[in-house]
Structure formats: C-alpha cells, structure tokens
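Remember, it's 1-based here, ligands and their atoms both numbered in the order they're listed. Note that the numbering runs from 1 along the sequence shown for the chain.
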Amino acid sequence: MSDKKRSPLDIKNLSSETLGVRAGVRRTEFNEHSEAMFLTSSFCFDSAADAAHGFANAEKGFIYSRFTNPTVAMFQDRLAALEGGEACIATASGMSAIMTVAMAHLQAGDHVVCSRSVFGATIQLFSVILGKFGIETTYVDMSDLNAWQSAVKPNTKLFYLETPSNPLTEVGDIAAISKIANSANALCVVDNCFCTSALQKPLELGADVVIHSATKYLDGQGRVLGGAIVGREDFILGKVFPYVRTAGPTLSAFNAWVILKGLETLNLRLEKQSQSALELATWLEQHPAVERVYHPGLKSHPQYELAKRQQKMGGPILSFVLKGGKEAAWKVIDGTKLLSITANLGDTRTTITHPATTTHVRVSPEARAAAGITDSLVRIAVGLESVEDIQKDLSAGLGQ
Ligand SMILES: *Cc1c(COP(=O)(O)O)cnc(C)c1O
C-alpha cells in the first residue's frame with residue numbers, strides 16, 4: 001500500500017449530472033463505495049477535552065443526531081451543490097422546512113408576503129399557526145409584480161413563492177420578485193418542489209433561500225418524508241442550524257440515506273418526466289373532450305416565454321379542464337386502471353387527482369373559483385411509465 005492519499009474531489013466545476021452522484025460523499029476508514037447509513041443517536045469523543053472542543057464547534061463535527069449526522073450531512077452537501085447554495089440543513093418534512101425558515105427568521109410583529117397559489121398547508125402554517133404568534137401574512141397574485149411591491153410594509157421580512165404552482169402550473173418571475181424582496185430588505189424564499197435543481201435554480205436567479213419537500217421529487221419514489229433548506233452560509237449556519245439544533249425538526253439518518261440515493265437519479269427522472277408531461281399535454285390539447293390544458297412547456301401557456309427563460313423544461317405536472325364539468329372529470333379519473341388515484345406527487349408512478357374535491361377542498365368555493373380551480377379540472381403528475389400507456393389509460397374515460 002502506498003502512503004499517498006488521493007487528493008479530495010473539487011466539485012466546483014462539475015456539472016449537475018456529476019454532482020448528483022458524486023457531491024457530498026464522505027467515506028469511513030473502510031472506504032465503502034456506496035454511502036454508509038449512520039444509525040446512531042450520538043458520537044463518542046477520545047477525551048473530556050475532545051468533547052469540550054466538539055461542543056464548541058458543533059456545526060463542524062458530529063455530536064448528536066438531532067443536529068449532526070454524517071448521512072444527513074452527505075444529503076445536505078449534495079443538495080447544496082445541486083442547488084448552487086453555500087449550505088443546506090435537512091428537516092423531517094417539507095412543512096418543517098418552511099416552519100424552520102419562519103422560526104429562524106421571523107419574530108412577533110413581522111410581516112410576510114406570500115403567493116396566493118402555494119401548497120395548502122403552507123397557507124395554514126402562515127395564517128393559522130404563525131398568526132397566533134403575531135406574524136401577519138398578505139397573499140398576492142404571483143404573476144402580478146405590482147401586487148408584490150404594493151404589499152410591502154415597513155415590517156415585511158419575508159417573501160414566499162412556489163413556481164410552477166399547483167395545480168395550474170402558473171409561473172412566478174423569480175428574478176423580478178427577488179429584486180422587489182431585496183429592495184424591501186426581505187428574505188426571498190422559493191419552494192422549488194416541482195422543478196427541483198434539475199430544471200430550475202432559484203438561487204442563481206436571485207432568491208435567498210430554496211425550500212424543498214424532499215418527499216416529492218428528491219426521493220422521487222414515494223418512500224419517505226423529508227425536507228431541506230438551502231442558502232447562504234450566514235443564514236443557514238447562523239440562523240437555521242441553531243433553530244434545528246434546539247427545536248429538533250430533524251431528518252432521520254435512514255430517510256436522509258433514501259433521499260441521498262434518490263438524488264442520484266434526479267436529473268434523469270425530471271428530464272424524462274417533463275418530456276412525457278409535455279407529450280401528454282400536447283396530446284390532451286388536441287383532444288375533443290378537453291377544453292384547456294395547463295403546462296409551462298405548451299406555447300398556449302400564458303407565461304411560456306418566462307418559463308422558457310427560467311426553467312430548463314416545463315416540469316412533470318400538468319392539469320386540464322374537461323368540457324363536461326365535474327362528471328366528466330371524475331369519469332376520466334374513474335376510467336383509469338394504471339394511474340394511481342392519489343393526491344400525492346413526485347413518484348415514479350403517474351398520479352391523477354381532482355383538486356377541487358381533494359387537495360383544494362379546504363379552500364372556499366369562491367376562492368377556488370377565483371384561482372381557476374374548477375370542478376372540471378384534473379391534475380396529473382407524470383411518472384416513468386410510457387406515454388403511450390398513460391394515453392391509453394386516460395382514453396377510457398375521455399372517450400374517442
Ligand atoms: C408536499 C409539498 C409540501 C410539504 O411537504 P411535506 O414533505 O409533505 O411536508 C410543500 N410544498 C409543496 C409544493 C409540496 O408539494
């Protein structure tokens with residue numbers, strides 16, 4: 001054996017395909033090829049002095065898995081590299097990632113400006129839970145830049161958006177909204193769940209923080225829950241890390257390992273699923289039973305140009321309006337045998353859902369109508385099956 005150590009990998013100039021399978025790896029003395037899963041709650045020290053040094057530098061070493069674990073660290077470092085962020089902290093779920101950013105950054109008396117078309121639980125979190133602690137939220141139409149600007153108050157500390165939106169795939173201008181947030185001294189937070197780093201890089205466009213529900217495309221196979229926060233080191237290590245260390249919304253090592261392996265196929269999956277989604281959207285747009293299709297890759301999408309500038313592809317989600325109302329929408333869903341009837345998304349298997357009576361049922365009928373989520377709308381999150389098989393499955397309920 002030679003004494004010469006291989007010099008460590010410099011990830012600076014590697015492409016995202018390479019980062020997905022190589023970034024963040026830490027090997028033990030055994031030199032295992034696949035990343036190890038560290039199922040341990042705590043870590044030992046060689047001496048009392050060593051322990052004291054470890055606690056004084058908690059963010060650098062491994063002490064206790066509520067805030068430091070090597071498997072979780074590998075996932076964090078890989079995702080930070082993929083998103084082009086300086087640092088990342090993982091959390092137990094997407095919702096706990098959003099909660100963590102809010103708790104780390106806000107205090108009573110602060111104000112939040114949030115896109116109207118975000119995940120339902122996010123609205124509940126801002127309005128009901130944070131509202132109880134004196135944090136006020138104003139909701140705006142994501143595509144109306146003037147609305148973002150005029151919602152700003154002297155105490156505005158955070159902007160929050162999700163693009164493309166669910167289920168209508170509305171696209172928000174990350175660069176323009178970040179600029180407004182920046183000039184208001186507010187943190188601009190983007191939920192990058194639907195595109196992921198494979199198709200969209202909010203930090204490069206000017207956002208301060210990226211949020212993930214790792215439950216969706218990062219795992220990509222519908223197995224575990226997880227979340228993550230990516231951004232600048234001063235925010236992530238200075239504000240987010242101390243909150244997670246103390247409050248404990250921690251990602252488990254097991255879940256981190258599963259999602260870490262999911263990241264290895266992220267680019268492949270998202271590109272394939274986006275391509276299939278566009279093929280399906282194009283087919284549906286010509287179907288006589290369909291009134292309208294929403295997908296950012298279609299020329300008919302109102303923000304097609306913006307999506308083209310900001311995203312690598314249109315994304316894996318599409319929705320469409322049936323001519324025959326709720327009855328026709330349910331008939332398409334009930335006619336399927338292959339697709340999974342579930343409100344979840346981000347799986348290798350295609351899912352189909354009726355937003356008005358499932359994901360958006362807690363929204364008032366007036367608000368639903370205003371948002372364009374009608375009874376005739378069906379959402380599909382495209383998986384890895386062949387487009388032809390998906391088309392056949394949808395055709396049963398579409399007729400013709
Ligand atoms: C699912 C989802 C969340 C919440 O994530 P969980 O992991 O379920 O807590 C947040 N944002 C978006 C866009 C989602 O789809």
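Atom 5 (O) of ligand 1 has Ser213 OG, 2.9 Å as its closest protein atom, hydrogens excluded (heavy atom only). Of the protein's non-hydrogen atoms, the one nearest atom 7 (O) of ligand 1 is Thr215 OG1, 2.6 Å. The protein non-hydrogen atom at the shortest distance from atom 15 (O) of ligand 1 is Lys216 NZ, 2.6 Å. Looking only at heavy atoms of the protein, atom 4 (C) of ligand 1 is closest to Phe119 CE2, 3.4 Å.
For the 3.5 Å distance criterion, the side chains of Gln391 and Ser395 fail to qualify, holding no donor opposite an acceptor.
Crowding of Arg223 atom CZ: a count of heavy atoms from other residues, nucleotides or ligands under 6.0 Å exceeding 12. Counting non-hydrogen atoms of other residues, nucleotides and ligands closer than 6.0 Å to CD of Glu327 gives a total of 12 or fewer. Heavy atoms from other residues, nucleotides or ligands lying under 6.0 Å from CH2 of Trp330 number 12 at most. For CE of Met103, the number of neighbouring non-hydrogen atoms (other residues, nucleotides, ligands) closer than 6.0 Å is 12 at most. In Asp46, the CG atom is not crowded: 12 or fewer heavy atoms of neighbouring residues, nucleotides or ligands sit closer than 6.0 Å.
Backbone and side-chain nitrogen or oxygen atoms of Thr122 are examined, and none is located within less than 3.5 angstrom of a nitrogen or oxygen of ligand 1. When only interatomic distances are considered, the shortest N/O to N/O separation between Asp191 and ligand 1 falls below 3.5 Å. Considering backbone and side-chain atoms together, Leu345 places no N or O closer than 3.5 Å to any N or O of ligand 1. By the 3.5 Å distance cut-off applied to N or O atoms, Met95 is counted among the residues near ligand 1.
With ligand atoms numbered from 1 in the order given, ligand 1 contributes 7 (O) to contacts under 4.0 Å with heavy atoms of Gly226. Listed by number with element, the atoms of ligand 1 under 4.0 Å from a non-hydrogen atom of Gly94 are 5 (O), 6 (P), 7 (O), 9 (O).
Of all non-hydrogen atoms in Leu384 and Arg269, the two that sit nearest each other are CD1-CG, 4.2 Å.
Assignment of Gly346 to the shell around ligand 1 is not supported, since no heavy atom sits closer than 4.0 Å.
Taking the ring axis of Phe126 as reference, the NZ or CZ atom of Lys132 does not stay both within 45° of it and closer than 6.0 Å to the ring centre.
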